[in-house]
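Before any comments, here is the structure.
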Amino acid sequence: MSYISVDHLCKTFTVRKKREKGSLMREKETIHALKDVSFEIEKGELVGYIGPNGAGKSTTVKILSGILVPENGKVSVGGMTPWTDRKAHVRRIGVVFGQRSQLWWDVPLLDSYSLLRDIYRVSEADYQKRLNELTEALQLGNLLRTPLRLLSLGQRMRAELCGSLLHSPELLFLDEPTIGLDAVSKLALRDFLLWENQEKGTTILLTTHDMEDIAALCPRVMVIGHGEKLYDGGLQEMLSKYDTKRTVQVEEHRNIDHVIADMYRDLGI
Amino acid sequence: METQYRGAVLGGLICQLFFGIVLVAIYRALYAGKPQTMPLSHVTTYVWLQQAFFRMLVATDPELLDKIRTGAIAYDLCRPLHLYGYYYARILAQKLTGSVLRALPMLVFAALLPEGWGLCLPASVPALLLALLGLILGLFCVSALENITMAFTMRTLDPRGMQGMLNLLMMTLAGNILPLTLFPDSWQRVITLLPYAQLLDTPIRLYTGEYAVSQAPEALLIQICWTALLVFIGCTFWRTNQRKLIIQGG
């Protein structure tokens with residue numbers, strides 16, 4: 001059996017709306033966030049999970065990380081069902097929700113990290129080794145004594161990522177980790193994710209709207225729309241399938257993110 | 001930041017001292033007009049102990065409420081922790097630091113006030129020890145009570161309405177507005193059995209000797225029973241919440 005296997009997963013939400021004039025009851029709308037989604041992911045894979053806003057990406061991630069309980073369907077991650085074995089399951093996973101923060105706003109990063117170390121009961125030796133590794137890879141060294149509230153968005157995102165990886169999870173969920181990052185930070189983050197995936201064998205499920213992230217990182221993509229899985233397969237196949245217009249380029253330009261990054265570096269920013 | 005913390009502690013301290021003095025002055029005026037069966041020094045002691053541990057009673061954790069409201073609680077749910085225990089510890093820690101920091105200087109101040117204004121000595125050494133034990137049990141009890149409010153907030157999303165009501169109940173039935181010892185006897189028989197009386201009223205009565213040392217086991221047992229019951233209710237509540245949970249804000 002695959003490392004992650006999701007079988008006929010369904011999740012609905014009820015949204016209550018403002019009462020319309022003249023009607024007694026508030027209108028209730030049932031939203032099918034996930035309708036019969038199935039997929040499998042092997043250990044060590046780096047999979048991109050894309051789709052328009054409200055397609056059900058975050059819902060899938062929340063179910064896989066044991067936060068939400070689905071109505072129907074079976075999920076097994078490394079032999080465990082996330083929501084029934086929540087405590088044992090979450091010990092081996094790391095999650096980054098791009099638009100939320102897990103670190104403590106007023107305290108220095110180092111203090112937040114040592115609290116996380118205690119929560120996950122990481123031994124002091126493992127913690128120091130991992131922290132050194134992560135601070136080097138994410139260039140956090142001189143920020144460790146700074147309170148979170150004084151960091152910029154990009155620094156904060158790197159700090160969040162470090163927090164999610166301190167306990168060396170075997171599975172990492174990233175929900176829009178590059179939101180609001182400049183080109184340099186984005187590239188650094190991508191390098192880091194590739195390194196984590198290849199060196200440590202961490203399985204990564206990446207949710208994002210940034211296609212460059214996907215192109216740079218994920219050999220395999222899954223596309224979801226209106227709660228249904230629409231495509232699952234290689235990135236190149238997907239591109240050639242949907243890329244019907246052909247353009248001929250005489251000179252090959254490099255990726256624009258690289259150009260901007262070079263410009264920033266050139267200007268010494 | 002540190003200046004801000006110190007300012008908050010100092011401000012709270014001055015506020016509680018002010019209320020303590022005003023309340024004591026009111027009870028002195030009451031006693032000047034019509035002396036009650038309870039000695040005045042016991043009433044002033046009651047007032048000072050209530051003021052000193054005021055922070056233990058009121059619910060103040062805007063950060064946690066914000067987490068629930070905005071959905072940042074999602075992160076707490078991905079921790080390998082027993083959720084009820086995690087929030088219980090958090091509430092307990094906040095109540096403990098908040099009240100100990102204020103209680104010590106306030107009690108010193110109240111002890112220095114002249115006879116009939118300030119804090120009287122405990123009835124006996126065993127009474128003091130039993131009162132301390134009662135205070136610890138009271139702290140466990142109030143944390144369990146507040147954790148139920150938190151669980152409710154996960155359903156209603158905004159705690160203000162309910163918290164306002166509960167704080168009023170708390171202030172009245174815990175003896176902060178009027179010492180429970182001054183309520184009519186028939187009322188007291190009921191009120192002292194309610195959970196709110198277990199928080200501060202029981203330890204204060206043990207301190208002043210209102211509850212004799214021989215009555216202490218019974219009083220402490222009621223505290224333990226309430227704490228156990230409230231923890232059980234809170235645990236069940238959190239567990240059902242976890243199953244029905246949705247995360248706000250995408």
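Chain identifiers are assigned alphabetically (A, B, ...) following the order of the sequence lines, protein sequences preceding nucleic acid strands; residue numbering begins at 1 within each chain.
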Side chain from CB out, backbone as N, CA, C, O: work out which of these in [X] comes under 4.5 Å of a heavy atom of chain B, or both, or neither.
X: Ile93(A); answer: neither
X: Glu160(A); answer: side chain
X: Thr59(A); answer: neither

Does any heavy atom of chain A fall under 4.5 Å from the side chain of Gln242(B), the backbone, both, or neither of them?
-> both
Residues [X] and [Y] bridged, charged N to O under 4.0 Å:
X: Glu146(B); Y: Lys95(B); value: yes
X: Lys67(B); Y: Asp76(B); value: yes
X: Glu196(A); Y: Arg130(A); value: yes
X: Lys129(A); Y: Glu124(A); value: no
X: Asp126(A); Y: Arg117(A); value: no

Neighbours of chain B found in residues 80-87 of chain A - heavy atoms under 4.5 Å | Arg86(A), Lys87(A)
Among Tyr88(B), Tyr87(B), Tyr86(B), Phe232(B), which one satisfies ring pair (Phe, Tyr, Trp, His ring centres under 6.0 Å) with Trp238(B)?
-> Tyr87(B)
So is Lys57(A) actually on top of Tyr49(A)'s ring, under 6.0 Å and inside 45° of the axis?
-> no
Decide if the gap between the ring center of Phe237(B) and the ring center of Phe152(B) is smaller than 6.0 angstrom.
-> yes
